[in-house]
Amino acid sequence: MLTFLIRRGMTLVVTLLVVSVLAFLIPYAGEGDPARKILRARVNDPALDPAQVEALTKELGLDRPLYVQYVDWLREVLTGGFGFSFTSRTPVQELVVPALGVSVSLALAALLLALVFALPLGIWAATARGGKVDNAVTFMSQSAVSAPEYWVGPVMVLIFARYLGWLPSGGWTGPAYIVLPATALALRPLGYFTQVTRAAMSDVLSAPYITAARSRGLSFPRTLVRHGLRNSMLPVMTLFSFWFAGLLGGSVVVEVIFNIPGMGRLLYTSVINNDVPVIQGGMMLILTLAVVINTVTDLLYGVLNPAIRVSSHA
Amino acid sequence: MGRVRWAVGLTAVTLVTAGCGMGGGDDGGDGGAGQGASGGHVVYAEQFAPASAWAMETNDAHSLTRAGCLETLVKYTAEGELEPMLATEWTQVEPTTWEFTLREGVTFQDGTPMDAEAVAGALSHVLEVETPARAFNADVIAGVEAADEATVRISTPKPDPLVPLRVANANAGILAPKAYEGRQIDIVGTCTGPFTVTEEVPQQSLSLEANADYWGGEVTLDSAEVRFVIDGATRATQLQSGEVHIAKSLPVANLANLEGDDNLEIAQLELARTTVMLLNNSRPPFDDPLVRQAIQQAVDTQAIVDGVYEGAAAAAVGPFGPDTDWAPEGAEAVAPDLDEARALLDEAGVAPEDLSIQLLAYNDRPEFGDVAAVIQSQLGELGVDVKIKGGDYAAMEPDMLSGDFDAALLSRGYLVDVADPGGYLLSDWTCEGGYNIAHYCDPETDQQIQDAAAIEDTAERNAAYQELAAKLQEEAASVFLLHENAVWGLQGDVEGFQPHPLDYYVLTADLAVS
């Protein structure tokens, strides 16, 4: 187990270094002069004073070679800072940490919602394979998978905010504000979770140890919970962590439509304003979390399935 | 004295009351004009979230004037006049010195007095920042000092007739000394306006309450909220769902739907902004005025206004809006005439089929793709081949600035710093101008622009601008297409709202809900 942990730890460090290079370089992928973009964000006017552009380039150190900028930046990151936002001059962590908090709550709400519906639906379909229920569940999950958020979101706003007036159409100031965006975000993972649960459960149910358990006189529901659920949870958990990491910065569309001050919207506006330190800090945070979540999931596998843990000794 | 008229004509205001004249079926609180009941709460959906932590030299200051918090020494009225605000009078005591007499008895919302010391400190702060505002910076303002307790003296490096306009800009807003003490501007309780900020939820909203001690008299509303809603369609939805009372900059695409809603009113006002197809004057084919004029003759601007902007714009008569003081009187949009266009090309010795031009249309403006497509088809009728290239403005800018393009669409505000178009003419239409993307260069025009901007008398100066506008249009320096409208949406029960030509003052002392 110890070697396993050490190996995972080293992989983690190397991965994070690669991630830091990526996060640092991403803002430079776009075209255009960074200083001009920053100034435009401040004055909302395209005609800029060349002297001002030059002064800002110097002040922000944008004229230094990229690797020098990277080393400086990495040094700052290692000491726990991400520098200052170009446009607002506030420390980047003051912007990205609250935004990350918002995105984490939104992603968790969406994924738990998806899970709550997906597990029973998937199991139900698996126990009635080929039947009407199975067909209906498959059809619904496939529809959910192919429903894009930029369409589902506005339609839900139209129905629940505009016509029925039950829920607010956007913002982030109370529990009611989480319902529509979380539902919009939940649909696609719901579809995937349902399909994966169904498939995993089907495999498990046809396994010999289920038959054995049943023949020992265990009731079907108990067999399902004791032996079936636990073993079919592995793929669902993988998918859950995969989606969780993805939603932290990937719910841009939903955050913009529903006016949610999360990471997606922050990165979106930062890209528009070319607020390089915010993009870098935000990306670094999201990517690091993704890597960490991934590692934790791997470790949890071992808990759920000793076979994986054992094989790592080899 | 300091009463300057620049009038973006209020005739351009069209108040479309949806559902009016449908035969008085429901009487949902129409109530006619007049005094709304005192009290109430208004939610205003603002287009931009503060990007610069309320730095006074940035757009954030403009947001803060709309929120009814920040005020300036001098006020632009919606009619385009200069009126006393925190200063009651102003005089040019010497060619390079202006004196502003402060209004007596005004206190900041934290109770400290608004005296000359405080005002000089506030204005000096804006002069000292790293990237100062265009309207008010060290190049145009030499210094600000307190002459006595109630007089502020502003000196300029050279005689400047525009100083009252400069201090009317939101970037020259006045906050209490406390606001400037920290690393960032503190807007809580430091304004002088009708509304006091009580709380800011970052990237979400400002909570405001009425300022009981407002110098301008009683504030009708009890409280208000500014919500930062960056997506235009979301603003439209929140208006329709009743979550907000006033929404700024609604997308043209939502216009038809909003106008069909009986509970809403749509207010439109022509913006001091021109959409132009810039023609690169520095290289063939558009270095030849005849070719440029031919293109101008072939483009039907009204068709673009109707087809793409659904009427929420005015066809251009030149660089300035038709109802402004700078457009030649009686000027009309060019009537499209393909025969004339062919004749002009013939005279230039150019066959239409030989013309193949690339038109840059950046997609940061959602309408530009359609505008480019309409122009492509209109010029196609002339036989000219147009290829459209889309992309980010930021990605296209280097080519535009260096002159490596044929034609490009641009939306450009012509009153960006002060309510006088001199700055725009200098940067966009002089040989060495910092934003002369069309690369138009005529030494005679240069001289004319410089002379015009220096004229002290407003009427004379405006007359000179009119001549320049006529000249740029006549020479087809580029094809001026249209001036889009600001589209505001209001709940039917909102009273006392007036769209402002520079997008100032939304939450005011007079604003009410019935």
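Numbered from 1 within each chain, the chains take letters A, B, ... in sequence-line order.
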Name, in order of residue number, those residues of residues 87-101 of chain A that have a heavy atom at a distance of less than 4.5 Å from a heavy atom in chain B; otherwise write 'none'.
A/Thr87, A/Ser88, A/Arg89, A/Thr90, A/Pro91, A/Glu94
Going by atom types alone, do A/Ser169 and B/Glu243 pair a side-chain donor with an acceptor below 3.5 Å?
yes
Which atoms of A/Phe160 approach chain B - backbone, side chain, both or neither, heavy atom under 4.5 Å
neither
Verdict with reasoning, A/Tyr163 to B/Gln240, per side-chain contact (heavy atoms from CB on, under 4.5 Å)
CA-CA 9 Å; A/Tyr163 292 119; B/Gln240 288 188 300; over 6 Å; no
Taking B/Arg412, B/Met396, B/Glu397, B/His62 one by one, which has the highest count of heavy-atom pairs under 4.5 Å against chain A?
B/Glu397
B/Tyr180, OH: over 12 other non-hydrogen atoms inside 6.0 angstrom:
yes
With distance as the sole test, does A/Asn259 use its side chain to make a donor-acceptor pair with the main-chain N or O of B/Asp231 at under 3.5 Å?
no
Contact origin within B/Leu401 toward chain A - heavy atom pairs under 4.5 Å
side chain
Reported CZ-to-CZ distance for the pair B/Phe228 and A/Arg265, which is rounded to 0.5 angstrom
9.5 Å
So which heavy atom on A/Trp172 is nearest to which on B/Gln204, and how close?
N-OE1, 3.0 Å
Given heavy-atom pairs under 4.5 angstrom as the criterion, report whether the side chain, backbone, both or neither of A/Thr269 touches chain B.
side chain
By a 4.5 Å heavy-atom criterion (distance strictly below it), what part of B/Pro50 contacts chain A: side chain, backbone, both, or neither?
neither
Taken to the nearest 0.5 Å, the spacing of A/Ile38 CD1 from B/Thr131 OG1 works out to 10.0 Å
Not counting sequence neighbours, list each pair that qualifies as a salt bridge (charged side-chain N to carboxylate O under 4.0 Å, His left out) and has a residue in residues 150-177 of chain A.
A/Arg162-B/Asp261
Heavy-atom distances under 4.5 Å only: say whether B/Gln184 touches chain A with side chain, backbone, both or neither.
side chain
Is the number of heavy atoms from other residues, nucleotides or ligands under 6.0 Å of A/Glu54 CD greater than 12?
no
Identify which of A/Gly170, A/Gly171, A/Gly165 forms the greatest number of heavy-atom pairs closer than 4.5 Å to chain B.
A/Gly170
Looking at A/Ile260, is its backbone amide N or carbonyl O close enough to the side chain of B/Gln203 to form a donor-acceptor pair, meaning the two atoms are under 3.5 Å apart?
no
Which heavy-atom pair separates A/Ile257 from B/Thr234 by the least distance, and what is that distance?
O-OG1, 2.8 Å
Taking OH in A/Tyr268 as the centre, count heavy atoms belonging to other residues, nucleotides or ligands within less than 6.0 Å. Is the count above 12?
no
Please flag which part of B/Val229 lies under 4.5 Å from any non-hydrogen atom of chain A: side chain, backbone, both or neither.
both
Where on B/Ala51 is there a heavy atom nearer than 4.5 Å to chain A: the side chain, the backbone, both, or neither?
both
